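Positions are given from 1 along the sequence. On a predicted model such as this, the values are computed, not experimentally measured, just so you know. Excluded from the calculations below are hydrogen atoms, water molecules and symmetry mates; all remaining heavy atoms, backbone and side chain alike, are included.
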Amino acid sequence: MANVTVIGTQWGDEGKGKIVDWLSSRADIVVRFQGGHNAGHTLVVNDQVYKLSLLPSGLVGGKIGVIGNGVVVDPKALMSEIDRVTEQGLTVTPETLWIAETAPLILPVHGALDRAREQARGTHKIGTTGRGIGPAYEDKVARRAIRICDLTEPDTLDWKIDELLLHHNTLLAGLGAETFTKEAILAFLEEITPRLLPYACRAWDRLAEADRAGKRILFEGAQAVMLDVDHGTYPFVTSSNTVAAIAASGSGMSPKSVGFVLGIAKAYTTRVGEGPFPSELFDDVGKGMAERGHEFGTVTGRPRRCGWFDAAMVRRAVRVGGVSGVALTKLDILDGMKEVSICVGYELDGQRIEHFPSAPGAQARVKPVLETMPGWDETTGGARSWAELPAQAIKYVRRIEELIGAPVTLLSTSPEREDTILVTDPFEG
């Protein structure tokens, strides 16, 4: 039996929450290994809707959840989320939720700087959620982050806060924003410490023991490959690496533990915020996708831009993300369309290219090369076997497999957990 790592292959919002929830019913432990509370998963279980940002999806199914050292943790947001799901009937305790004691904290100063910088960018906005994720990761690599383990050492906090404010207050003042006092940061930390520390542990040791004992571990990625800080549409990306390789470093486990890499892809394409989107639709077809697919961000509520499936981009995500197989979601949103199209390449300055360019100017200029196929009138919604799918829908899925260079191992046909067609069991991969 293999462990499984789940990552997005587009710009996020591919329906990872439902797939991770479905897989977690067969896992023992579910691990978040990167990102922060800027990513969201919506899970629908027995007509109950759970909206998660930091908590691993496995908690909904009563499994152990782990927040790894690669995640930046906003303690207030985390506790608010714990309180909300507790009211919905879930049990979240230090026995069911493990948080790596080396995870960096997101403080109020990070959100303030994030928002001030985004406002100062004017027409060059990145589309950040303004929740402090980027500045928190900057502090991590600049070696001035306050980590959960620091909360146990008042002397360490004392000099670390001085160093942190020397940097951030200088930037905030330069941007004309309000600065922070040491007393305010200390008060924030003193308030959250009693609730946060009981969850802190050497998560990597516990995970290693579980792996040796043959427990099934599911690694749950946030965002998606095209938002990866190295491989995405830079600078319109997130502040962390989102590829499967980071499941190891972001959890403290061996690279061999990553296992089967399941890439999630929507049967069309969506994007929230700024940045290039070659196959974007600006007509009634795109609006129809958005309406039928309820395309609004889980975390921000922002409307998602919609367009045709971009096979060239997903092919790149398959390669750099190490994807073993793809879970295709929301096929039912294309039901009833006379024609469906797939982006198979691009035109750049009059030349056909097969790859998505790296430079921002070229990314903004590319035009999609579309391949159009007949649609289908029958519904795919709720299908649980290939036999229930219209022939033309199957042809669409098979064409996607050819173009992206990876098999479809799961097909999701509705938000409900059981409306899933299993082709290959990732845990047996």
From CA spacing to verdict: salt bridge (Lys or Arg N to Asp or Glu O under 4.0 Å), D83, R195
CA-CA 11 Å; D83 290 341; R195 288 202 66 186; 3.1 Å; yes
Between R144 and H167, is there a side-chain donor-acceptor contact under 3.5 Å, judged purely by atom types and distance?
yes
Flag yes if more than 12 heavy atoms outside R143 fall under 6.0 Å of its CZ atom; otherwise flag no.
no
Ignoring hydrogens and angles, state whether a donor on the side chain of S57 or S24 is under 3.5 Å from an acceptor on the partner side chain.
no
Any donor-acceptor N or O pair under 3.5 Å, side chains S412, K18:
yes
The test is ring pair (Phe, Tyr, Trp, His ring centres under 6.0 Å); show your working for W11 and F277 and say whether it passes.
CA-CA 10 Å; W11 282 295; F277 186 171; 5.2 Å; yes
Ion pair present between E347 and K367, side-chain N to carboxylate O less than 4.0 angstrom?
no
Parallel, tilted or perpendicular: rings of H110 and H168 (30°, 60°)
perpendicular
So, T102 and N69: side-chain donor and acceptor under 3.5 Å apart, yes or no?
no
Any side-chain heavy-atom pair from I99 and L78 closer than 4.5 angstrom?
yes
Heavy-atom closest pair, residues C343 and S279:
CB-CB, 4.1 Å
Quiz question: by atom type and distance under 3.5 Å, do the side chains of T270 and K266 form a donor-acceptor pair?
yes
Less than 4.0 Å between a side-chain N and a carboxylate O, is that true for R292 and D332?
no
Contact between I106 and V73 at the side-chain level, heavy atoms closer than 4.5 Å - yes or no?
no
Please determine, by modelled atom types, if E416 and S414 share a side-chain donor-acceptor pair under 3.5 angstrom.
no
Under 3.5 Å, is there a donor-acceptor pair between the D335 and W376 side chains?
yes
Considering only NZ, NE, NH1 and NH2 on the basic side and carboxylate oxygens on the acidic side, decide whether D150 and K160 come within less than 4.0 Å.
yes
Side-chain contact, heavy-atom cut-off 4.5 Å: Q10 with R271?
no
Would E295 and K330 pass as an ion pair if we require N to O under 4.0 Å?
yes
Heavy-atom side-chain contact between I67 and W98 under 4.5 Å:
no
Is any side-chain heavy atom of F33 less than 4.5 Å from a side-chain heavy atom of V71?
no
Does one side chain, of N3 or S257, offer a donor that lies under 3.5 Å from an acceptor on the other?
no
Please indicate whether F188 has more than 12 foreign heavy atoms, meaning atoms of other residues, nucleotides or ligands, lying under 6.0 Å from its CZ.
yes
Side chains of D310 and Y346, donor plus acceptor under 3.5 Å
yes
Between R216 and E428, is the closest basic N to carboxylate O distance under 4.0 Å?
yes
Please confirm whether the backbone N or O of G286 pairs with a side-chain atom of D283, one donor and one acceptor, at under 3.5 Å?
yes
Are a donor atom and an acceptor atom from the side chains of E14 and T329 found within less than 3.5 Å of each other?
no
Can E209 and R206 be counted as an ion pair, charged N to O under 4.0 angstrom?
no
Check for me whether R384 meets the cation-pi criterion with W22, that is, NZ or CZ under 6.0 Å from the six-membered ring centre and within 45 degrees of the ring axis.
no
Would you mind checking if E87 and R84 are paired as a salt bridge, meaning a charged N to carboxylate O distance below 4.0 Å?
no
Strictly below 4.0 Å, N to O, side chains only: are R399 and E371 in salt-bridge contact?
yes
Is the shortest side-chain N to carboxylate O distance from R304 to D13 below 4.0 Å?
yes
